[in-house]
Amino acid sequence: MKRFDTKVQYLKYKVLREVAHQAWQGTLYENLLDIPKIIVPTNTPTMRCCVYKERAILAERVKIATGGRKENPNVIEVIDTACDECPVGGFEVTNACRGCLAHHCEDACRFGAISFNQNHEAQIDKTKCKECGACAKVCPYTAIVSRKRPCQSACKVKAITMDENRSAEIDNSKCISCGACVYMCPFGAIMDKSYIINVVDMLKKSGERGDRVYAVIAPAFVSQFGYVKPGQVVAGLTALGFHSVVEVALGADIVAQSESAELAEKGFLTSSCCPAFVGFIHHEFPDMVGMISHNPSPMAAIARFIKKSDDKAKVVFIGPCTAKKTEAQREDVKPYVDAVMTFEELQALFDSRDDLDITTLEEEPLDGASYYGRILARSGGLTAAVEEAVKEQNLDIELKPSVCNGIEECKVALLKKSKNMLDANFIEGMACIGGCIGGAGCVTHGEKNKAEIDKFGKEAQEQTILGALSNLEKQEQTV
């Protein structure tokens, strides 16, 4: 069964799986340099010009899979040797131009960059072109196309440029760690740092240290492991050595209740659940930082609850988000979250154990969160949860939301608010299209994921936020 969207993801998975396998065996640093040859054992190249370049790139992948460059604070890194030096020509006129009489492209260009040759075909003056794309939009033959790199097209915050060697380069002052470039690069030249060996180390040493390692899993997991039942994923985590598996959705219930109260008090808020969205505000709209909800993200909220309840707890967040790796490094989150893994990494961790086949395990339950906590995984879910929390607490405020699906919609809403033109008192900002279910760390992406989340939400035993939080308080009292 095909488990990944692309072969690039599968290659990344193979590296992560082997790194984790060696870590379990205690032979990682002994065999670190041999991993590329383990993955490509023959002298026949499988995807590059020669086996030597293939192994050289794999060696760079191994470095990132073991934590990456320490001097680079960004969790997203470029593998220079893997970058294909994609052509970057901006907007260009193709041979589809018919030399028509209408000249819509010329009329649409406000910068005078369009002229015509002796055959009446359009041509673009690069010294005048501002890359606005207006000419391409009006051409009746779609003869004007953008030659942007896939990573640049994916990066909606314009954090990717070229270095002197024409390799992709990330501007850390703009990057929000959303991972869109990681997923879209067809050569896999951009990769998020992995802390999978830290997780293995925690699990292996938990017994001798007396620690209890908690897996805090995001609700989007139900759409990611289609070859098994959700309860088998939970059982698999227990089999790996996790002391307990907790729903991040419980943290979403905590946040929805307190965020609705904060909204009633202040009259306007932007959400704090998506770290990439929060980072975008800090980078691009610093004057609006004070409008961000002071509540932690669901990940931080439930991790803080666990650490407060159990002084021997270690917390590993597992979800679809690369930006969570950046969030976990923040000073206000670091005390509560010990490591972050994506669903891609969880699949690699499962398969790195020779003695574990999760398809054979008996299902284990995962319950406690409300319907509303679980649906935060998709766009519009947070708004529904805040609306429910307002109603359950009888708060004196009418929710007027602006639901932003993707960072481009977030930018529009923030611009409108900055000019006092936004008819809303709450901005739900999700950097990824579709919400968390569209995160770069997902194993698969697709329309069915939203349906799976809604189904998972409806299966919750608690249909109210207050009910879920009441149960959480009872759990705390029994610890």
Side-chain angles (χ1 to χ4, degrees), residues 3-4 6-72 75-83 182 185 187-209 211 213 215 236-237 239-242 314 316 318 322 325 338-358 441 443:
R3 295 181 183 175
F4 299 93
T6 70
K7 290 183 179 179
V8 170
Q9 286 178 288
Y10 181 61
L11 176 62
K12 177 181 177 182
Y13 152 82
K14 288 198 290 184
V15 172
L16 290 165
R17 182 187 62 192
E18 188 58 37
V19 165
H21 178 73
Q22 296 288 344
W24 284 117
Q25 300 298 318
T27 55
L28 176 61
Y29 296 105
E30 177 184 340
N31 296 331
L32 195 66
L33 299 178
D34 295 326
I35 291 177
K37 197 166 184 179
I38 292 172
I39 295 173
V40 183
T42 70
N43 289 330
T44 303
T46 61
M47 63 194 78
R48 295 281 179 172
C49 58
C50 67
V51 72
Y52 306 106
K53 183 172 183 177
E54 203 163 313
R55 288 176 182 161
I57 293 171
L58 282 170
E60 293 300 315
R61 292 189 187 282
V62 171
K63 287 182 186 177
I64 298 177
T66 53
R69 292 187 290 116
K70 306 302 181 188
E71 68 275 13
N72 180 13
V75 299
I76 310 296
E77 289 198 355
V78 176
I79 304 172
D80 295 339
T81 51
C83 187
V182 176
C185 177
F187 282 90
I190 308 178
M191 184 173 166
D192 53 305
K193 293 178 180 177
S194 177
Y195 306 100
I196 197 169
I197 59 173
N198 302 64
V199 176
V200 172
D201 185 65
M202 273 189 273
L203 292 171
K204 287 177 66 177
K205 296 179 179 177
S206 59
E208 62 187 71
R209 293 174 178 169
D211 296 331
V213 187
L237 289 166
L240 284 171
F242 285 98
K314 295 288 185 182
V316 178
I318 303 168
T322 55
K325 295 181 180 183
D338 297 282
V340 170
M341 286 200 310
T342 63
F343 293 138
E344 288 179 323
E345 291 166 307
L346 178 57
Q347 182 63 70
L349 192 62
F350 280 145
D351 295 343
S352 68
R353 285 276 295 270
D354 296 330
D355 59 342
L356 178 60
D357 179 2
I358 65 172
V443 176

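The model shown is predicted, which means the values in this text are computed figures rather than measured ones. The figures here come from the full heavy-atom set of this structure, side chains too, leaving out hydrogens, waters and symmetry mates.
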Practice task
Using atom types as modelled and distance alone, determine if a side-chain donor or acceptor of Glu77 lies under 3.5 Å from a backbone N or O of Lys193.
Solution key: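 A pair under 3.5 Å: no.
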Practice task
Answer yes or no: is there a donor N or O on one side and an acceptor on the other, between the side chain of Thr6 and the main chain of Gln9, under 3.5 Å?
Solution key: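 Flag set: sc Thr6 to bb Gln9 pair under 3.5 Å.
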Nearest 0.5 Å, what's the [atom1]-[atom2] distance between [X] and [Y]?
| X | Y | atom1 | atom2 | value |
| --- | --- | --- | --- | --- |
| Ser352 | Gln25 | OG | CD | 9.0 Å |
| Leu356 | Leu240 | CG | CG | 5.5 Å |
| Leu203 | Trp24 | CG | CH2 | 4.5 Å |
| Ile35 | Arg55 | CD1 | CZ | 13.5 Å |
| His21 | Leu28 | NE2 | CG | 11.0 Å |
| Ile197 | Met202 | CD1 | CE | 11.0 Å |

Can you find a heavy atom in the side chain of [X] that is under 4.5 Å from one in the side chain of [Y]?
| X | Y | result |
| --- | --- | --- |
| Val199 | Phe242 | yes |
| Asn198 | Asp338 | no |
| Thr66 | Tyr29 | no |
| Val62 | Leu33 | no |
| Val182 | Thr322 | no |

Problem - Whether over 12 other heavy atoms sit under 6.0 Å from Lys14 NZ - result: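 Count over threshold, so yes.
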Problem - Within 6.0 angstrom of Lys204 NZ, more than 12 heavy atoms from elsewhere - result: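 Check passes, neighbour count above 12.
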Could you work out, with side chain to side chain contact (heavy atoms under 4.5 Å, CB included) as the rule, every residue matching [X], not counting sequence neighbours?
| X | value |
| --- | --- |
| Thr81 | Ile57, Glu60, Ile79 |
| Asp351 | Arg3, Tyr13, Arg17, Gln347 |
| Phe187 | Arg48, Asp84, Cys185 |

Specify the closest pair of heavy atoms between [X] and [Y], including all atoms of both residues, with the distance to one decimal.
| X | Y | value |
| --- | --- | --- |
| Ile196 | Ala348 | CD1-CB, 4.5 Å |
| Leu16 | Ser194 | CD2-OG, 3.5 Å |
| Tyr195 | Val340 | CD1-O, 4.3 Å |
| Ala65 | Val15 | CB-CG1, 4.0 Å |
| Ile318 | Ala215 | CD1-CB, 4.0 Å |

Problem - Electrostatic pair Asp201:Arg209 at N-O distance under 4.0 angstrom - result: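 Result for this pair is yes, salt bridge flagged.
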Handout entry: side-chain contact (heavy atoms from CB on, under 4.5 Å) partner of Ile64, chosen from Lys12, Met191, Arg69
Key =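 Single side-chain contact (heavy atoms from CB on, under 4.5 Å) partner of Ile64 among Lys12, Met191, Arg69: Met191.
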